[in-house]
Amino acid sequence: MIYNTQEEPLKLPEYGRNIQHMVDYCLTLKDSVERNRCAGAIIAVMGSMFPHLRDVNDFKHILWDHLAIMSDFHLDVDYPYVLIQKENLYRRPAPVPYADTGIIYKHYGQILERLIFIAKGMPEGEEKEVLLHQITAQMKKSFLVWNKDSVDNRKILKDLYVLSEGQIARYEETFKIGDVSVDVKEIQQQQLANNKKKKKKPKMR
């Protein structure tokens, strides 16, 4: 009996040892017609293993790429698609450039900084005060997400002063920030849900 540990490592473990054996057998066929017929049969079996992915874009193309990979690109058949290049499988992707937004306090985020920028350009009056109360309440909530203990209102007002480049000065004695409560777990779940929406459905490459 030959154990899996005695055989070569699988190139694509998700297809299993039997599919790899089928590919290895296909490589031994001398007749091109038989080889193409065998390759088509293997593709059919591979596709039947993942019926839930049949609606994925280029599903058949992906299967043929995987067949080539499992044969180490040595299988000489009439591929119906342009295959992925072997060198591209092992090439490290280019680093993703991250925009340097220059956020002073990352726990507040860019949107709050933009709101403060808008607020500092507004004339003094009731409308501006309403906006500042909303901004400081959100600042307090954002602060508590990352600092789970508590936050001093003076700290929020000091950060407001810094973020407004000294143009908005409010003091604890005369400016009251409402009490806020934060469900950290709920916020984290919401952030996770938002991230999933942004991600595209991954391809089987």
Side-chain angles (χ1 to χ4, degrees), residues 1-103 106-114 142 145-146 148 182-205:
M1 178 182 291
I2 299 177
Y3 294 95
N4 285 336
T5 53
Q6 297 174 275
E7 299 196 56
E8 291 292 325
L10 292 172
K11 295 179 177 63
L12 293 176
E14 58 266 35
Y15 290 105
R17 183 69 61 183
N18 288 335
I19 296 293
Q20 184 63 57
H21 285 166
M22 292 170 68
V23 176
D24 294 340
Y25 169 75
C26 193
L27 283 165
T28 67
L29 296 175
K30 302 299 183 182
D31 184 77
S32 62
V33 175
E34 287 187 28
R35 205 164 49 243
N36 276 290
R37 187 183 298 117
C38 181
I42 294 172
I43 289 294
V45 175
M46 290 165 61
S48 68
M49 295 176 65
F50 304 99
H52 58 289
L53 296 178
R54 286 177 180 170
D55 293 332
V56 173
N57 291 335
D58 299 330
F59 178 60
K60 278 292 184 66
H61 191 170
I62 294 168
L63 293 178
W64 282 100
D65 279 343
H66 287 180
L67 177 64
I69 292 169
M70 285 189 286
S71 70
D72 199 23
F73 294 87
H74 292 151
L75 185 60
D76 182 15
V77 294
D78 298 327
Y79 291 97
Y81 303 97
V82 176
L83 295 180
I84 186 174
Q85 298 299 309
K86 184 177 181 179
E87 56 269 20
N88 291 341
L89 292 175
Y90 309 105
R91 181 185 300 167
R92 296 184 63 181
V96 178
Y98 289 96
D100 184 11
T101 55
I103 298 177
K106 295 187 185 302
H107 51 278
Y108 292 134
Q110 196 174 40
I111 293 177
L112 270 176
E113 289 197 8
R114 289 177 181 174
S142 298
V145 169
W146 302 105
K148 299 178 183 178
V182 176
D183 187 336
V184 176
K185 186 176 181 180
E186 181 181 346
I187 291 176
Q188 290 174 340
Q189 289 176 343
Q190 184 62 44
Q191 290 174 340
L192 182 62
N194 291 338
N195 290 337
K196 286 182 177 179
K197 290 180 181 178
K198 293 178 182 178
K199 289 182 179 178
K200 294 181 179 179
K201 187 180 291 185
K203 293 186 177 182
M204 291 177 53
R205 288 192 187 270

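All values below come from the heavy atoms of this structure, side chains included, with hydrogens, waters and symmetry mates left out.
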Can you tell me how far [atom2] of [Y] sits from [atom1] of [X], rounded to the nearest 0.5 angstrom?
X: K11; Y: I19; atom1: NZ; atom2: CD1; result: 14.5 Å
X: M22; Y: Y15; atom1: CE; atom2: OH; result: 12.5 Å
X: S32; Y: D76; atom1: OG; atom2: CG; result: 8.0 Å
X: K86; Y: N88; atom1: NZ; atom2: CG; result: 12.5 Å
X: C38; Y: D31; atom1: SG; atom2: CG; result: 11.5 Å

Least distance between heavy atoms, [X] atom then [Y] atom:
X: H107; Y: S142; answer: O-CB, 3.4 Å
X: L67; Y: V23; answer: CD1-CG2, 3.7 Å
X: L63; Y: G47; answer: CD1-CA, 3.7 Å
X: I62; Y: N57; answer: CD1-O, 3.9 Å
X: S71; Y: A68; answer: OG-O, 2.9 Å

For the side chain of [X] and the backbone of [Y], is there at least one donor-acceptor N/O pair under 3.5 Å apart?
X: Q20; Y: M70; answer: yes
X: R35; Y: L29; answer: yes
X: D58; Y: H61; answer: no
X: D65; Y: I84; answer: yes
X: D72; Y: H74; answer: no

| said: Are Y81 and K60 packed together at the side-chain level, in the sense that at least one heavy-atom pair is separated by less than 4.5 angstrom? | reply: yes
| Which class fits the ring pair W64 and Y79: parallel under 30°, tilted 30 to 60°, perpendicular over 60°? | perpendicular
